[in-house]
Each structure stands twice: as C-alpha cells, then as structure tokens.
Amino acid sequence: MAIIVERKRLSFWERTYLPQILSGLYITLKNFFAPKVTLEYPDQQPVIPQGYRGAPVLVCDSDGRHKCVSCQLCEFVCPSKAIKVTPSAIPEDSQYAFIEKGPADFQIDMSRCIYCGLCQEACPEQAIFMGSEFSINAYTRAGLVRHKDDLYKIGGVVPDKIMKWQKIKEREAK
Amino acid sequence: MENQKVKVNINGADYEVAAGLNILEACKSLGIEIPFFCYHPSLKVAGSCRMCLVQMGTPARDRATGAPILDENGVQKIAWMPKPVISCGTKVSEGMHILTDSEYVADCRRAVLEFLLLNHPLDCPICDKAGECKLQEYTHAYGRQTSRYVEEKNIKRKKRPLGTKIMVDAERCIQCSRCIRFCKEFIGKSILGFTKRGSKVEIGFYDNADNDSNYLLNVVDGCPVGALTETAFRFKMRTWFLKTTESICGESSAGVNTRVWSRGGKIYRITPRQNPFVNDMFMSDSGRYTFKKYEQRRLDHATIDASPCQTEYAVSRASEILKLGGVAIVANGWQSVEEMYLLGELAKACGAKIYMASHPQPDDGKLVSAEGAPNIRGALITGIISEYPKPNLGDLERQIQGGGVKTILCFGEDLAVLGLQHLLKGVNVIYCGALENDTSAEAKICLPLYSEFEKDGLWVNRQFRIQRFKKAVDAPKAAVNDIDFIAGLLRDATGESFKIPSVGALRAVIASKNEILKDCASVPSSGLVLDGSKFSAIEFPEAAAINFAGATSSKAGE
Ligand code: SF4
Ligand code: SF4
Ligand code: SF4
Ligand code: FES
C-alpha cells in the first residue's frame, strides 16, 4: 500500500543553496587554522603508551640473563601457531648451567602472530612480553620470522622483581 | 582362589570383585580411581607414599564369641578402622566397606600431597616429566592449590648422570622406591638406593659401580615424577606435543608392545605399551632406539645403476626385468604378514622361489629373544618358507652357482653380509627396502620402501601371537608402500587388472584363504594367539617368553 507524503516546500534561501555552502566553508576554514592533530606517519612515529600490546619479544633480567627456559608453554598456547621453540640444554661452561634448560632457537613467525598476548600470559618465567612494535615488514616470508637473537635484542631488559634463579644460586652456594 | 568373588561395599554401593585383589586394584576394576605413587602392579608393594589412603571397615564381631554385632535394625554393624588404610597393601575381604570419596579421604590426600611438595623444587618448566607427571596430575586433582611453607627448602643433588642413559634429579624424587624395587626385582641387581633420613632422604647410586643394564630405562617410565629422566630424550620435546601410535618393537621376535611418540614426522622416543601377555609394562633399552637407524641410513630416492631416477620409472623397469624369468626372491623377517602373503602370490606368478635368512642374536631371557627378525613365524604361517631359515643364504648361493638365477629381488637384506658378495656381479639385483646398505649401493635397481614406522601391518612373535603395528610418521616422498609395490609387480606378472588392495582388504582376503590367520582382520591391540601346532616339529631358537600375566590378569594400568 503506497503512502503519499507531501513534499515540504523550500524557502527562497534554501533554494539558493548559499547558506549550506557557506556553513560548509566555515568548518573547513576553522580546521585550516586550528592546531594539527594528525601525525606525518611514517616520517613521524607515535608515542607508544604503557601497556601497549605490540609484537611479542624475549627479554633479559637486570643481570642480563636470558630469561626463557624453553618450556614451550607459549608455543602450546599460541592460537595461530606462530611460535616454534627448539629446546636444548644450557652448556656446562655457562654461568647459568644450573638452570639446565634454554632455547637453542626461538622463532616467532610475525606473519602468523595475531598480537593476542596469550604467550605473555602463559609464560611461567616472564620471559616473553608484548613489545611496542606494531608495524613489521620484510621483503620475504622468511624475513618475517624472527629468531632468538633478534627477539632478545629488540626485547632488551625488563627488571625482574623476584629474581628466582639468583636466589636458587645463592641458596645452592651455601 | 581363581574365580572366587567377594562382596564389598564401596562408597555405599555393593559390588562383587575377585578375591585376592587389593583394594586399589578392586576399585580400579570398577572404574573408581584411587591415586597412587609407589604402587606398581608388577612390583612388590612398598606402601611408602601413603597417597592411596582410604577408609576401611569390616563387619563387626564380638571378640569373645565371634558372633556378629547387630544394630537396632538387626543389620551387622561395620567396625571402621580408626585410621585410614593404604589401599595398595590391603586385600579385599567378604563384607568389607570402603570409602574413597569422603571428606576425610580427601583431607588425607591433600595432606599427603602437601608433605610431598614441601621440599619439591617446583621446576616443572624445565622438567621433562611435565605433562605425564603423577605429582602434577594429583596436585591438580586432589591437592591444595597454594603453599603454606615459608621455610627454606632442602637442597639435594640435581643433574647427576647415572651412566649414559639417565639423569637423576634427587630434589624431585618423592621416595616411592619404585626404581629401587624394579632394579632388584626385574634386573636382579641393586643399582639405585636411598641415603640419609627423614626429609633429607636422597635417591642415589654408587658412582664407580657397574650401573648398566639393558632394562635400566624402565625406571624412567616407572618413576612417577621427573627424578629420573632419559638422557637421549632430555630437553628434546615436551610430551604434550607428541602424538602416540601403537606399535611393535622390531628388535626381536619377542614382539614387545610399544608406543611411538612423534611430532611433525619426527620420532622422538619409543616407550613400552602395557600388554600382560607379552612384555607387561617393560621393554629393553636397545629397543627404544630402533628408530635411530632410519634417521641415519634411510633410503630416500630410487636409483638405477647408482644414478637417481623417478620411483615410478624404477618400478616399471623392475617389473620388466622380473618378466625375463630366472627370479629368486629374498624376503626378510621385518616384512608384515600382509606383504609376505602377497610375496607368496608373486613368487607363484613368476615361478620364483623365496629365500630368507634368520638373524641370530643372544637371548637375554627377558624381552630380547634369540631371533632378531620379528616376523619369521609370519613367514612360516603364510607359507613363503617351510622351515626355520638359516643365518645365511647358502641355498641361494648354490642356485646362483648352478646358473638358475638371473635376477634377485631382494627385500631389505644385505646380501653381502649373508655370504653372496662374490656372486652379485653375475646377476641383476633389485634391492627394495627402507635402509641403505652395501647391497643397495651395488644394486642395479634400488627402490625405497616404507619402514615399520611408516606403515600398518601384522607381525607374529615368538609366542605365535599376531600383533598389529600402526603408521606413526609419513614416509619420504619418493618411497612406495610395500603392498602397492608388491601388488603392482603381481599385477604385471599375472596380466590381471585388479585394484591394488588396502591393508584392510588384504587382511580380509588372507583371513578367507589361510586357516591359521582366519581372525587376522580383527586383531585386538593386545594381539591374538594363533595355532602354531602345525610347526611343532620346527626347532625354534628362542627361549620361552616370561609369563607376566601370572595369577592376576586384571592389573591396573600405570
Ligand atoms: S601474541 Fe598470540 S599469536 Fe602472537 S605469538 Fe603470542 S600467542 Fe602467538
Ligand atoms: S618464552 Fe616463556 S613460555 Fe615461552 S618457552 Fe620461554 S619460558 Fe616458556
Ligand atoms: S627416583 Fe622416582 S622412582 Fe625412584 S624413588 Fe624417587 S620418585 Fe620413586
Ligand atoms: S600407593 Fe599405596 S602407599 Fe603408595
């Protein structure tokens, strides 16, 4: 069933369209002279706030000890199968030989990672953290796979409040 | 005693269970779980961990007269023990009442776990046992989730190698003594033992003693925690990533039941699988590494005159050569019953004779038998050989010298080792198998087939028990499935155009044609004893298998 709606008659000024054009120009001009809020990305980089969940990286404690013990829990929990850990024994001549286990290699495939943060949550050693990077690119697929050394280099040092292994060492020394 | 039953009441319900069982086994047979650490169905009871505590009561009787004491309703009263009892060390008796689900029992379990964890290092992230550790499992299921312990934990020796095979971490040990009992009772030698007292008790061994045995790694499987871990598997992969496949050990004709643990096409370890009729829960250490030879010497491409070629081409060339006649087939005792059956058909079609060699080795009286090939009896049953093979191929040698043989179709055997090295130049050798050896290097045509870890099949062990092994990992791309290969040759030889059968279809055919193998299409995972009476005249080299099943056949799993 059709309903007939009567068209509203426009006034004279409305029929000229001039008020609309002028009010539109006013908004444009106002922003033209207002202070800028956009960023010249990528020439300018944004300030990353605390707690930002960027690309996952490995970290050292304040003694410079590589924290990952290659327990592979992050590999297990990762929903997109981005992580591949190759566990191994820490060499006898290392000062950290008493920790027994550490990764021979640790790969994160950044073409698979979905930045969910589950790896960080699962890690019993607080060795993997969501970093501040958000734009990762490479010319090849293999270039998007990050290895252990890169991951530690990007991750840097995150101070550890507990220092569990240091305590164990001190206790054993007694 | 055998089939006697007793009535017991568990958690308020009445059941009948076999007499002579302990409470733990009785509950297990009814599907009621009681947690335990130190109990092991194949070892003597130690009663040291106290994890299996339950409440137990027996019908009350007057001490003086022996008359039943009744309550006001005329029902015999239950005299509950004032303290919980260990279910692994208490046998069921008529009218016994058992509680496994009371708040009191739950309290006992919580307390036992708390004691066990007092000095435990809690290093699950670096412990290989994590994922299959009983202490982890029970702590989740029955433990308190937080610790109240604020004192310093005891320090014990960690990372101490026991021989080359085992790493001992005394801090993780819960003093269940399973390993000690295993060494004493099964290996027959005291290797491990406890030192010190109280909470300082430490699992240890003498550094300079002879601590080796070919059965030592069973203590790793038996250790409920990560105190004993396997050096070869140490820090290789977490157990929860590994897929398990039921398999049979190819080390000897003992036919030990195994589990193959693999991930992404790589085998990481082999452990025993429980079968009370064959190996119980044990296996030899050497059998655990039978997969290594495929890592080192896997044949992964076809060759003709030592130059690589496409597998299909090599197969078609092999088929052409077989048509020229004068064929001798050398089978081996690692081939499955299905393949042997097809090989028998192929031999008939080509008018060839099948030769086979045995692989004698020392019999250790336990789980490594005197025959290195796991399926010689399969060859006898399928009829491809009629007597027990000799350790060399003397018959074939005489045939070659007599000029009757132009082509040898050799399955996996190293002819050079079997005494034919000086004759191989004069004949065409078609070598097909999973491993490289001197014969494969010399052969005219060399074809990669599947290994026992890459296919399904049946083997018949020294007890005439037919057992099934399953595919654990994928074969290399260039390899052909043994059944496809032999059936393809058969098709070319006979000129008939049948469809290449699947393993299942082939088993059905064999079952219909061979009286002894009539049930081979439905072999259960514990295997099936075949009628070997037809071969009673043959003198087999193997010693009799250990009878693990013994008196109690209903044993709790590990
Ligand atoms: S952030 Fe998520 S997807 Fe990325 S590696 Fe960690 S668990 Fe995997
Ligand atoms: S990053 Fe953490 S969770 Fe991942 S393997 Fe290392 S210790 Fe384990
Ligand atoms: S090492 Fe393992 S099996 Fe041996 S007593 Fe300790 S916990 Fe038990
Ligand atoms: S299992 Fe009964 S006391 Fe250990």
Side-chain angles (χ1 to χ4, degrees), chain A residues 58 61 65-79 81-107 109 119-128 148 160 162-174, chain B residues 118-133 136 139-140 145 147 149-161 164-172 200 202 226-243 261 263-266 268-269:
Chain A
L58 295 175
D61 70 6
R65 180 181 70 81
H66 287 183
K67 288 177 84 177
C68 173
V69 297
S70 64
C71 72
Q72 295 182 284
L73 287 179
C74 51
E75 177 173 357
F76 183 68
V77 81
C78 177
K81 294 197 188 337
I83 300 180
K84 190 170 164 224
V85 186
T86 314
S88 71
I90 295 179
E92 278 310 313
D93 54 4
S94 155
Q95 59 164 319
Y96 297 115
F98 70 101
I99 302 175
E100 296 185 34
K101 196 177 173 188
D105 192 14
F106 194 114
Q107 302 174 13
D109 186 343
C119 46
Q120 173 175 356
E121 208 167 311
C123 180
E125 296 287 331
Q126 307 198 338
I128 191 164
K148 179 177 131 185
D160 187 334
I162 304 170
M163 297 298 272
K164 145 179 129 178
W165 290 105
Q166 195 187 326
K167 282 188 196 144
I168 289 178
K169 186 159 201 183
E170 280 163 13
R171 207 175 46 137
E172 251 156 42
K174 258 194 261 169
Chain B
L118 282 187
N119 284 302
H120 188 277
L122 300 179
D123 50 4
C124 307
I126 55 163
C127 175
D128 273 336
K129 197 79 177 186
E132 51 181 13
C133 169
Q136 261 187 345
T139 304
H140 264 282
Q145 302 303 323
S147 166
Y149 196 65
V150 290
E151 290 79 7
E152 290 235 315
K153 297 196 174 200
N154 284 341
I155 295 169
K156 294 177 188 170
R157 275 184 285 190
K158 293 174 86 71
K159 207 168 55 158
R160 188 174 167 220
T164 52
K165 292 187 229 167
I166 292 181
M167 201 60 99
V168 183
D169 186 317
E171 280 187 355
R172 294 182 192 146
K200 301 250 169 25
E202 214 176 304
L228 305 174
T229 51
E230 186 183 343
T231 313
F233 180 63
R234 187 174 152 86
F235 302 158
K236 290 285 179 300
M237 193 45 69
R238 313 302 322 253
T239 54
W240 52 79
F241 288 117
L242 301 176
K243 175 189 84 166
W261 301 69
R263 183 189 189 196
K266 180 173 153 57
Y268 282 88
R269 66 168 177 182

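Order of the sequence lines sets the chain letters (A, B, ...), proteins ahead of strands, with each chain counted from 1.
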Rounded to the nearest 0.5 angstrom, the NZ-CG distance for A:K101 and B:D123 is 11.0 Å
Side chain proximity check, A:E100 to B:F235, heavy atoms < 4.5 angstrom | yes
For B:R263 and A:E75, what are the C-alpha separation, side-chain angles and deciding distance, and is it a salt bridge (charged side-chain N to carboxylate O under 4.0 Å, His left out)?
-> CA-CA 14 Å; B:R263 183 189 189 196; A:E75 177 173 357; 2.8 Å; yes
Is the [atom1] atom of [X] crowded by more than 12 outside heavy atoms at less than 6.0 Å?
X      : atom1 : result
A:K84  : NZ    : no
A:K169 : NZ    : yes
B:K200 : NZ    : no

Against chain A, label B:I126 side chain, backbone, both or neither, depending on which of its atoms sit under 4.5 Å from a heavy atom there.
-> both
Under 4.5 Å to a heavy atom of chain B? For A:A97 that would be both
In terms of heavy-atom proximity below 4.5 Å to chain B, should A:E125 be classed as side chain, backbone, both, or neither?
-> side chain
Can we say A:E92 and B:K159 salt-bridge, meaning some charged N sits less than 4.0 Å from an Asp/Glu carboxylate O?
-> yes
Over all atoms of both residues, closest heavy-atom pair of A:F76 and B:W240 = CD1-CD1, 3.4 Å
Contact summary for A:P124 and B:P125, nearest pair of heavy atoms = CG-CG, 3.8 Å
Under 4.5 Å, counting heavy-atom pairs only, tell me which of B:R238, B:K236, B:K158, B:M237 racks up the most with chain A.
-> B:R238
